[in-house]
Protein chains: 2
Amino acid sequence: MAATIKDIAKKAGVSPATVSRVLSNQTAFYSEKTAKKVKKAAKELGYQRNTAAVELVTQRSKVIAAIVSSTQTNFSDQIIDGIQQVANQNNLNVIILYAGEKDTQMQRKALETVIERSVMGILLIAVDLDPSNEGLLTSANIPYLFLSITLKNRELPFITSDDFQIGYQATHYLIQKGHSRIGLVAADLESVTGHLRLEGYNQAMHDHGLVIHPEWVCDGDFAYEDGVVAMKQYGHNPPVTAVVASSDLAAIGVMNQAQEFGLKIPDDLAVISVDGTKLCQIVRPQITSVTQAFFEMGVRGMNRLINWPAADEKPLYTPIKIVERQSV
Amino acid sequence: MAATIKDIAKKAGVSPATVSRVLSNQTAFYSEKTAKKVKKAAKELGYQRNTAAVELVTQRSKVIAAIVSSTQTNFSDQIIDGIQQVANQNNLNVIILYAGEKDTQMQRKALETVIERSVMGILLIAVDLDPSNEGLLTSANIPYLFLSITLKNRELPFITSDDFQIGYQATHYLIQKGHSRIGLVAADLESVTGHLRLEGYNQAMHDHGLVIHPEWVCDGDFAYEDGVVAMKQYGHNPPVTAVVASSDLAAIGVMNQAQEFGLKIPDDLAVISVDGTKLCQIVRPQITSVTQAFFEMGVRGMNRLINWPAADEKPLYTPIKIVERQSV
DNA sequence: CTGTTAGCGCGTTCAT
DNA sequence: ATGAACGCGCTAACAG
């Protein structure tokens, strides 16, 4: 059904090789006249190149795969925008695959899908790769990079924010604002990310000679519900005057539940969130946040993939900044 | 570098054809013994099938492409979840591509990318296809379906909510609650979707003998900002007592601006939104909405693609329902 | 049950 | 500047 270069060749009265050259080899190894004939025939036949054949013979692909965990958070859009921008500039295609939430099966399937297609690079966005799938990724001989996640396995390359600094600066900011009883909410303490943020939090408290009560820190998974649950644990009369929420959604969870308790934000309880997505601006009060440079993560990730192998293989940290709004 | 079936064949002492049969042809046209040998060799060599070669020879693909417009709204996740579920059940792969926002170039590029790969089906999520790209899609000989959008060109198959009903029921609901001066906000009047909703709104007003003031309806593009702008136009002393917002984000925009004006929701102004995503539950007051069955759209879309060509080619409407929360 | 052969559509030598 | 021939990795048809 679909037209091939052979069909075009016949129609234009040239050889398939010439057609191939006109349609892909930019360097002008052919005359203008034949080029015109070929292009005309191609258009008339509605020719669409067969990527499978091209990739089979050239042994490479112009596709970047972005694998995202359908996480509770909502910043992947920004990262993908960054990826797309660079892809467009370099005439690359990006395909996005979902890897589910801590779903080893889906992770594996997504990886296999892109590896079988030998994409030119793999970007893993906030996916906490199951160890059993590591081999698949590392032995595929395809450049890859983790984005927006700090990994247990430090051998794997990643670009993210400095989670220790996130914890530290958020806490420090609250302390500067006069708070001394500070909670940490929904931080996924099992993960490296959560662990580092906790350390930053601890360090900041320590640096200011503040005591820490273990019951001030609540585990969770960045979800809205985790914020609600944490606040319920604090109760009507919370032991803390401020909290660091590990995501914007989690922050909204604590704020809503706090208001449920009749608490005023920020007077009775100050809240600072981590991420700084658009959500912070559309809820009331607007949320003061430690804002991450997600777009930049995408851009840098792509650049690193394109310039593979990079000279500099160290993990790269994108900047964070505190954006003051109304919740502190 | 990568192992091929030839390598496996050599290692296992069989022919490539046999390897191929073991590794893909489920029907047991081979002995258990050789199968075991082959699988062992494959694992040892870290074999990964070359999809390009497979697709080249079989002339078909197990990939469904979902093209999404990076729209202001945020319901595509739900649709994609539905798609993914059906895909998993049928052992299909889903790849997602961004088509930008009314960006003809990116639309074309996304389409070309998936057509060149001759995916088995294309799902277009909320993308308002530029007429210049229609030919590309329709002549590719690949099943396709528009999701969550009503098109000008009724020849193109789609699955969405009944936009007339959305407009009608939202308005009707407000009238039932005692409102007679009702606004319509951010409805993208240029689009068929917006147009139909407006008609539904008009009809509902008409059916109850209510007059319509043209200045009550504000154009827009489903965005948060459109809600803000519309509310600013209404002013401190709005001519309406209730509004239908065309998206959850737009609803939040009007609510925020209304509160800016010192108006209380729902007492001074009632708001009903269209979509009913999770946003409705996390803002305060929670938003009463006309909730669309996005997940179901994804599921039905996939099923229709899988059973292509369907006997029933009529556009299919997924149900809508009004979910009462706190904003009316 | 298994091996041999052919060819999917294309880019790429090597000739001319 | 152009054409003929080859082969990428794999499945399908046909023998055996």
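Note that this is a predicted model, so its numbers are computed, not measured. The figures here come from the full heavy-atom set of this structure, side chains too, leaving out hydrogens, waters and symmetry mates. Naming convention: chains lettered A, B, ... in sequence-line order (proteins, then strands); numbering from 1 in each chain.
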Checklist entry - Do the side-chain N and O atoms of A/Asp130 and A/Gln107 include a donor-acceptor pair separated by under 3.5 angstrom? => result no

Checklist entry - Where do B/Met120 and B/Ser61 come nearest, in terms of heavy atoms and distance? => result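 Closest heavy-atom pair between B/Met120 and B/Ser61: CB-O, 3.3 Å.
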
Next on the checklist: How close do A/Ile142 and A/Val114 get, counting heavy atoms only, and between which atoms?
Outcome noted: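 Looking at all heavy atoms of both residues, the shortest contact is CD1-O, 4.5 Å.
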
Item to check | Contact list for DNA chain C against residues 52-60 of chain B - heavy-atom distance below 4.0 Å | outcome: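 The stretch gives B/Leu56, B/Val57, B/Gln59 as the residues lying under 4.0 Å from the strand, ordered by number.
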
Checklist entry - Salt bridge or not for A/Glu112 and A/Arg117, using N-O below 4.0 Å? => result no

Checklist entry - Are side-chain heavy atoms of B/Leu305 and B/Leu123 found at a separation under 4.5 Å? => result yes

Next on the checklist: Is there a side-chain contact between B/Thr193 and B/Ile149 in this structure, where contact means two heavy atoms from C-beta onward sitting under 4.5 Å apart?
Outcome noted: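 Yes, close enough: below the 4.5 Å cut-off.
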
Checklist entry - Taking the six-membered ring for Trp, are B/Tyr317 and B/Phe158 parallel (under 30°), tilted (30 to 60°) or perpendicular (over 60°)? => result perpendicular

Checklist entry - Would you say the side chain of A/Arg49 and the base of C/dG11 hold a donor-acceptor pair, judged only by whether the two atoms sit under 3.5 Å apart? => result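 Side chain to base: no pair present.
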
Next on the checklist: Does B/Glu44 have more than 12 heavy atoms from other residues, nucleotides or ligands lying within 6.0 Å of its CD?
Outcome noted: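 It does: B/Glu44 CD has more than 12 such atoms within range.
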
Checklist outcome for this item: One would report the end-axis bend of the helix from C/dC1-D/dG16 to C/dT16-D/dA1, five pairs per end and rounded to 10 degrees, as 40°

Checklist outcome for this item: When B/Ala35 and A/Tyr47 are each assigned the nearest nucleotide of DNA chain C, the 5'-most assignment goes to B/Ala35

